Amino acid sequence: MAILFTFHLSLFTSVQAGDLTNYQVVPMPQSIQMQKGEPFVLNSQVQILATEGLQREAQFLQQYIKEVSDIDLTIADKRQKKAIYIALSVSPKVTNPEGYVLTVSAKGITIEGGSSAGVFYGIQTLRKNLLFPLSSFLFPPTIITDAPRFTWRGMHLDCSRHFFSTDFVKKFIDLLALHNMNRFHWHLTDDQGWRIEIKKWPKLISVGSQRSGTIIGTNSDIDDGIPYGGYYTQDEAREIVAYAAERHITVIPEIDMPGHMLAALASYPELGCTGGPYQVGHYWGVYKDVLCGSNERVYQFVEDVLTEIMDIFPSEVIHIGGDETPTDKWLQCPRCQALQKQLPAPQQTAGDFEPLTSKLSPLQAHFTKRVFDFLTSKGRRALGWDEILDGSPQSAMIMSWRGTEPGAKAAETGHDVVMTPTTYCYFDYQQVEDTQFEPSRCGGFIPIEKVYSLDPAPDSLSTAAREHILGAQANLWTEYMTNEAMVEYQALPRMSALSEVQWTQPERKNYEAFKERLTRLTALFELYHYQYAKHLWPDRQIPSRWQF
């Protein structure tokens with residue numbers, strides 16, 4: 001704690017020049033209008049005033065202030081004479097449901113939101129100005145008018161390749177809240193492990209959640225032979241959904257199909273074209289064994305799984321994967337070949353994009369349509385990786401990962417799109433070119449300035465297409481992230497750069513100014529004990545080469 005206090009105090013030296021109280025936070029608000037007058041003084045005499053329906057937001061504000069300052073404010077539901085308030089309310093004057101107006105004067109602070117979510121984001125802006133453990137805080141008069149650029153502001157976490165505890169998933173969700181993000185894309189199944197309890201198919205947990213070993217390094221010939229596993233019960237998943245919802249974050253579950261299903265095939269071999277034997281995957285990459293597209297039992301399996309998933313996750317959107325599906329086993333399967341001859345070729349829209357797969361096969365288009373129709377019949381909406389674009393109904397949502405071009409083409413043809421290109425948004429990639437002293441073995445190189453430069457909906461798109469770009473998210477694939485600290489390190493501070501891409505209008509962005517605001521934000525990373533990459537602050541790094 002003494003180290004943290006010293007770190008805060010060193011930053012406070014520059015705050016005397018006005019850095020703390022200029023409301024320059026991450027992500028950058030759309031409008032900050034400084035006003036004349038005396039500052040607002042935050043001390044223990046201030047109360048939080050919350051109108052009906054905002055008690056949870058008031059509790060968050062109370063908690064945040066106490067964590068940073070040790071000031072424990074009381075919460076009131078009725079205004080009292082002569083009391084000084086931080087007042088929270090929902091106002092019809094704020095037309096964007098996620099927007100807010102934060103007004104500061106000597107008499108008090110008001111946060112008006114277009115909904116409780118807008119109030120929550122206003123609280124986050126106020127919170128990011130509470131960076132120093134002092135007995136009182138001075139806030140100069142201002143009016144901040146703010147609203148997000150995009151409706152989809154997401155982060156993804158792969159819990160299949162490596163499993164993370166419910167406590168860590170909640171800590172990760174707290175990071176999303178800090179960055180005004182509102183979608184948590186939870187990757188729950190893959191070749192290397194099935195991580196969500198499905199009661200109608202219990203072997204997915206007893207067999208599919210366990211692998212007997214893991215490849216060492218980058219797909220070397222050596223396997224560690226150490227059993228590895230873990231899964232979330234349905235009650236644990238519901239707990240995480242509720243935790244996220246309190247923070248105005250929607251959990252988007254992903255059940256990747258028909259490829260990336262080796263853990264399911266190991267559990268139920270009859271779902272594959274060959275009948276096995278199969279084992280939960282030990283190495284990383286793409287396996288040729290996929291669900292048998294001509295087997296009606298497969299579709300019953302899929303519907304059973306999705307029925308339980310929809311019962312756990314209230315999200316309108318369900319991610320069905322659809323990426324990296326080799327056709328080798330289908331080509332060798334007489335039943336699949338017979339069915340495929342009866343199917344029309346899917347209309348080609350996406351074109352050829354590297355790596356690994358190009359145009360959708362008729363059988364995968366058939367599979368995707370059946371899954372899509374089932375979800376639609378239940379009032380849900382299918383989202384898939386950009387491989388599903390060929391032959392998908394226009395109402396299908398596309399997540400563009402093989403660059404921005406598939407997403408651009410999808411938007412131009414009327415699909416709603418989330419941009420998550422490998423070239424900007426794969427946070428498992430390295431943050432620096434010299435990787436000798438980096439913890440991850442993953443390849444690729446995406447520095448923080450590259451993330452910051454992304455424009456998910458550039459002017460090169462038509463006006464109609466830009467309206468179909470819902471937003472952006474970054475992905476954390478965890479083949480090489482063996483523990484929680486590595487996940488945090490790979491995410492931060494690139495996640496902060498992405499939050500400004502998602503929230504702030506392009507004309508408000510400035511990378512050099514962002515770095516200054518980010519430096520202040522790292523005080524909160526320190527306070528909450530998040531690991532983060534310190535390449536922008538070499539003086540904070542542990543020496544790369546120990547001297548003995």
Side-chain angles (χ1 to χ4, degrees), residues 96 147-154 156 182-183 185 252 254 316-325 343-362 364-369 371-373 375-376 380-426 446 450-475 498 500-507 509:
N96 188 312
R149 182 186 181 194
F150 293 109
T151 58
W152 187 293
R153 305 182 301 281
H156 155 288
N182 63 358
R183 298 291 192 280
H185 176 176
I252 310 295
E254 181 184 358
E316 177 192 7
V317 175
I318 305 293
H319 204 303
I320 61 171
D323 63 314
E324 300 175 334
T325 303
L343 300 173
Q347 181 179 357
Q348 305 295 346
T349 304
D352 293 319
F353 299 102
E354 295 295 336
L356 300 173
T357 57
S358 55
K359 296 176 181 179
L360 204 66
S361 75
Q364 187 172 353
H366 170 76
F367 178 95
T368 301
K369 186 178 186 306
V371 176
F372 175 89
D373 289 345
L375 288 173
T376 302
R380 304 300 181 98
R381 194 173 182 194
L383 168 63
W385 302 106
D386 56 57
E387 284 96 327
I388 75 164
L389 179 57
D390 290 338
S392 290
Q394 193 173 67
S395 55
M397 294 173 61
I398 304 299
M399 192 163 272
S400 186
W401 72 280
R402 294 176 296 174
T404 57
E405 186 182 355
K409 288 191 174 184
E412 293 288 1
T413 55
H415 290 271
D416 286 341
V417 173
V418 177
M419 289 293 190
T420 178
T422 57
T423 44
Y424 295 88
C425 296
Y426 269 46
I446 302 178
K450 181 69 179 291
V451 177
Y452 194 82
S453 69
L454 172 65
D455 186 348
D459 290 341
S460 57
L461 295 178
S462 68
T463 301
R466 289 199 299 274
E467 292 178 356
H468 285 287
I469 304 296
L470 303 183
Q473 75 172 39
N475 297 335
L498 180 67
E500 203 142 294
V501 169
Q502 297 167 333
W503 184 275
T504 307
Q505 294 294 338
E507 62 271 16
K509 290 172 57 185

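Since the model is a prediction, treat every value here as computed from it, not as a measurement.
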Parallel, tilted or perpendicular: ring planes of His156 versus His185, cut at 30 and 60 degrees: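 Aromatic pair His156/His185 classed perpendicular.
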May I ask you to decide if [Y]'s main-chain N or O and [X]'s side chain share a donor-acceptor pair within less than 3.5 Å?
X	Y	result
Asn182	Thr151	yes
Lys450	Thr423	yes
Thr413	Ala411	no
Gln502	Phe150	no
Arg153	Gly471	no
Asp416	Leu470	no

Ser462 versus Glu412, side-chain donor and acceptor atoms under 3.5 Å: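 Yes, Ser462 and Glu412 have a side-chain donor paired with an acceptor closer than 3.5 Å.
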Criterion salt bridge (Lys or Arg N to Asp or Glu O under 4.0 Å) on Asp455 and Arg466, from CA distance to verdict: CA-CA 11 Å; Asp455 186 348; Arg466 289 199 299 274; over 6 Å; no
Inter-residue atom distance Lys409.NZ - Thr404.OG1, 0.5 Å rounding: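 The distance works out to 11.5 Å.
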Reported CD1-to-CZ distance for the pair Ile318 and Arg381, which is rounded to 0.5 angstrom: 12.5 Å
Residue Lys369 excluded, over 12 heavy atoms near NZ under 6.0 Å: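 Atom NZ in Lys369 is not crowded, with 12 or fewer foreign heavy atoms closer than 6.0 Å.
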[X] vs [Y] side-chain heavy atoms within contact, under 4.5 Å:
X	Y	answer
Glu387	Trp401	yes
Tyr424	Ser453	yes
Leu383	Glu254	no
Trp385	Thr420	yes
Leu343	Ser361	no
Met397	Trp152	yes
His468	His415	no
Ser392	Thr368	yes

How close do [X] and [Y] get, heavy atom to heavy atom, and via which atoms?
X	Y	value
Leu454	Ala472	CD2-CB, 4.4 Å
Ser395	Phe372	OG-CZ, 2.9 Å
Pro456	Ile469	O-CG2, 3.5 Å
Leu389	Pro406	CD2-O, 4.0 Å
Ala382	Ile320	CB-CD1, 4.1 Å
Ala345	Pro362	CA-CG, 4.2 Å

From CA spacing to verdict: side-chain contact (heavy atoms from CB on, under 4.5 Å), Val501, Lys509: CA-CA 8 Å; Val501 169; Lys509 290 172 57 185; 3.8 Å; yes
